[in-house]
Amino acid sequence: MADADGNLILPAMESILSTGLAEVEQLLSGLNEAQREAVVHPEGPLLILAGAGSGKTRVLTHRLAYLVHQGVPPDRILAITFTNRAAREMAERVERLLGERLGGLPWLSTFHAACARILRANAERVGLTANFSIYDQQDSRRLIKNLLEEEGYDPKRISESRIQQEISAAKNRLLDAAAYRSQGVEGELEEAAAAVFARYEQALLEANAVDFDDLLLHVVRLLEGAEEVRDHYMRRFLHVLVDEYQDTNPVQYRLLRLLVKDRPGSRNLAVVGDDAQSIYRFRGADVRNILEFQRDFPEAKVVKLEQNYRSTQLILEAANGVIASNRRSLEKRLWSELGEGEPVYVSGLPDDLAEAYFVVEELERYLGEGGRLSQAAVFYRTHSLSRVFEELFNRTGIPYRLVGALRFFERAEVKDVLSYLRLLVNPWDHVAFARALGAPRRGVGEATLARLQAIARERSQPAVELAGEPEVVGGFAGKPARGLREFASLYGHLAGLRAGGATVAELIETVVSASGLGEALEAEGVEGAERLENLGQLVAMARERERELGGPLPLEEFLQQTALSEGEEEPGAEGAVTLTTLHNAKGSEFPLVFIVGCEEGLIPHINSQGEEDLEEERRLFYVGLTRAMRRLYLTYAYSRYRFGRRRYDQLPSRFLGELPREVVVDPRLGGVGAGAAVPGSFAVGERVAHDLFGAGTICGFEREGVVKVRFDDGALRTLLLEHAKLRRL
DNA sequence: CGCTCGCCGTTTTTT
DNA sequence: ACGGCGAGCG
């Protein structure tokens, strides 16, 4: 359905002239006043403030379709989403709206995919060639680690991931290595980052490679540096639409400005977002982009979408109650016509396993009521929480769908195979070279590799080209030399196949069988078989893409897709519970939602305790709450297995204490509102003080009038509310 | 010089 | 429980 850039592919239609009025009417029917306003806004900047569940995707897709109906050629519309999944979903919906009426393809993709496409077309201008490699985080980390060592730093004292974060953050603020240094560098970490940054830039150029940040950054530089290129794209895109605008970072912001700011005529930038759902500050997103949109574009039309079509009232009130603790920036008032609905169920369980059992029981209850598992989702703050659920679901035979845990294209065996293909496309890619050379082990170790790469650099020749004659080139001998020759000959074989028109699937199959990777996996028993199965799946994916395309699939295109997408949805989505992180939950909705692990240290996360961090954590929690349509469970455990240790000091999240009392119920206690069970009406997660024991946190209720409190000295005490005289803090 | 086995610190979130 | 890393072997 989508090409290498993640763009929508539709059967071409020659004419869109026969637009009927009736069809436009149909496009607008079923939209409320505000939605309709946003869809038909003719020209100029448009800010759509879309509360959770207010139909923002609907507005975006309908606007896109509407523009096409108005005669805007689809391929002159740029629509940006944040994830591939969102792009795919939007493409499908636009397709459904327009049917065959679409003549040409809109650019409908993520920022990264769109930039990759622009960069391919203009690679030479930034010192790359069109066949550049895209390094994922792992590739880039490997490179950074090498450079860190070469610069004489000890990776144990200064972790390469910290350096990577630092460099990435700088790039997201539009700084290159030189600018980063001249901003002032303090302390060992920043000093190391500055040193590595400069070498990293250079190494990427030498490898004809870019990392994720570069994809955007290079395009910004391209547009800023070459007037005619900027002019080209500025004129090309008559309309630019951006989803999740609250999550854009300074680079993305600059990019958008470059495309629309000085456009002759109207600046047709339509952005959709919700500041209350901004959850990507950690990767450089700046919520000010949405807060200050009107300052940047004073002529902007502003539309607020405040009617929620997703959740029943009590769920919405719970969400509103929690988010109210944040400094509010853009006032929105969400309301729903779906009726009061059920209260929010808050449940404390003895431990993580009991929590999982609780979820299973409630799922079964739901099934008994005629619900389906595909309507249910379990959300958690960190992936590590998924394990207990996976195990229990497996044991109890509940089918589940794990979203985004270990991504397919990040699996070791898949990356191994892909590194061969990457090297085929871009022989300069030394991360790919090192990886392919060592998979499987060929008797070539660290020392040989380093020496060969030094020689290659000296000679300005790709290392893989030197590997064929190791004795001549560098006086290598013995096992390392044999290994190098073996690798070079395999590489030559693959290059020959490719030149002869072999398909991607055939190339993959050859890599697996001729490299010895397949054999090695076969020898590994059950786990190896599983990995081999993944490689089979990779072949199947290539075939499938080829079939969709109805012709040969260029290897470059396949590789780009693997670099920028998390891979196809896991099979078995039908009739399965969804397990995913809160971050991944954005953009989805489910009739039945469990948010598990609602504990201090998890949500809010232990590493997010600054004031700004806390607000972001709260927004993340808010995002989770607002996914629920009909029934919502929030669970926490008193004890949890973490980092190979059982922890007994888990506390309910403070966010639970922020839920309005009257919408909450503990399912084991029955009565609506924790308040009903409690004279004085305390809530789980709330901070209290006791005359004797001091300050503590309400952990749960044993039964009516009996409360459990974790005091700050670590003691968990069960108290009678009548006698304990707790004060709220 | 490379490889394999046992130990340690470890993980927040994603394109 | 998992990946990276060092030690000790081939």
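Chain A is the first sequence line, chain B the second, and so forth, proteins listed ahead of strands; every chain is numbered from 1. Computed from a prediction, not measured in an experiment: that's the story for all the values here.
With the nearest nucleotide of DNA chain B identified for both A563(A) and T382(A), T382(A) has the one nearer the 5' end. Both S161(A) and T581(A) sit near DNA chain B, but only S161(A) has its closest nucleotide nearer the 5' end.
Contact between the side-chain N/O atoms of R381(A) and the OP1/OP2 oxygens of dT12(B) is not found at any separation under 4.0 Å. Side-chain N/O atoms of N584(A) include none lying less than 4.0 angstrom from OP1 or OP2 on dT13(B). Considering only side-chain N and O atoms, H583(A) lies nowhere under 4.0 angstrom from the phosphate OP1 or OP2 of dT13(B). Residue T448(A) places at least one side-chain N or O under 4.0 Å from the OP1 or OP2 atom of dG2(B). Contact check, S608(A) against dT13(B): no side-chain N or O comes under 4.0 Å of OP1 or OP2.
The distance between atom CZ of R281(A) and atom P of dT13(B), rounded to the nearest whole Å, is 17 Å. Summarising the geometry, the separation between CD on Q277(A) and P on dT14(B) is reported as 16 Å, rounded to the nearest angstrom. When rounded to the nearest whole Å, the span between CD of Q137(A) and C1' of dT12(B) equals 12 Å. Atom pair L385(A):CG and dT13(B):C1' shows a separation of 13 Å (rounding to whole Å applied). One can place CZ of R618(A) at 20 Å from P of dT12(B), the figure rounded to the nearest angstrom. Atom CD of Q609(A) is separated from atom P of dT12(B) by 12 Å (rounded to the nearest Å). We find that CG of N172(A) is positioned 15 Å from C1' of dT13(B), with the value rounded to whole Å. In this structure, CG of L602(A) is placed 18 Å from P of dT10(B), rounded to the nearest angstrom.
D139(A) and K415(A) are joined by a salt bridge, as a carboxylate oxygen and a charged side-chain nitrogen come within less than 4.0 angstrom of each other. Look at R381(A) and E617(A) and you find a salt bridge, because one of the NZ, NE, NH1 or NH2 atoms lies within 4.0 Å of a carboxylate O, short of that distance. A salt bridge does not link D275(A) to R288(A): none of the charged nitrogens lies less than 4.0 Å from a carboxylate oxygen.
With sequence neighbours excluded, the residues satisfying side-chain hydrogen bond (donor to acceptor under 3.5 Å, both in side chains) with D214(A) are K171(A). For E533(A), there are no side chain to side chain contact (heavy atoms under 4.5 Å, CB included) partners, not counting sequence neighbours. Checked against side chain to side chain contact (heavy atoms under 4.5 Å, CB included), N131(A) has the following partners two or more places apart in sequence or in another chain: T129(A), N208(A), V425(A), N426(A). Not a single side-chain hydrogen bond (donor to acceptor under 3.5 Å, both in side chains) links Q453(A) to another residue, sequence neighbours left out. In this structure, the side-chain hydrogen bond (donor to acceptor under 3.5 Å, both in side chains) partners of T635(A), at least two apart in sequence or on a different chain, are E355(A). Under the side chain to side chain contact (heavy atoms under 4.5 Å, CB included) criterion, V623(A) pairs with Q277(A), I279(A), K586(A), R627(A), sequence neighbours left out. When the salt bridge (charged side-chain N to carboxylate O under 4.0 Å, His left out) test is applied to E201(A), no partner is found at least two apart in sequence or on another chain.
Within 4.0 Å (heavy atoms only), F82(A) reaches sugar-phosphate atoms of the nucleic acid but no base atom. Residue E616(A) is classed as having no contact, given no heavy-atom separation below 4.0 Å to the nucleic acid. Within the nucleic acid shown, R141(A) has no heavy atom closer than 4.0 Å to any nucleic acid atom.
For H605(A), whose side chain is taken as the heavy atoms from C-beta onward, the closest listed nucleotide among dT12(B), dT14(B), dT4(B) is dT12(B). The side chain of R441(A) has dC3(B) as its nearest neighbour among dT14(B), dT12(B), dC3(B).
Here F282(A) packs flat against the base of dT13(B); its ring centre is closer than 5.5 angstrom to the base's six-membered ring, tilted by less than 30 degrees.
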* Are Q137(A) and R142(A) close enough, and set up right, to give a side chain to side chain donor-acceptor pair (under 3.5 Å), and what steps lead you there? -> CA-CA 9 Å; Q137(A) 224 163 7; R142(A) 237 167 234 239; over 6 Å; no
* **For DNA chain C, the dot-bracket pattern of Watson-Crick and G-U pairs whose distances stay under 3.5 Å, | for other-strand partners** => .|||||||||
Give each protein N/O atom lying under 3.5 Å from an N/O atom of nucleotides 4-8 of chain C, with the pair distance.
| from | atom 1 | to | atom 2 | distance (Å) |
| --- | --- | --- | --- | --- |
| dC5(C) | OP1 | K145(A) | NZ | 2.7 |
| dC5(C) | OP2 | K145(A) | NZ | 3.3 |
| dG6(C) | OP1 | K156(A) | NZ | 3.4 |

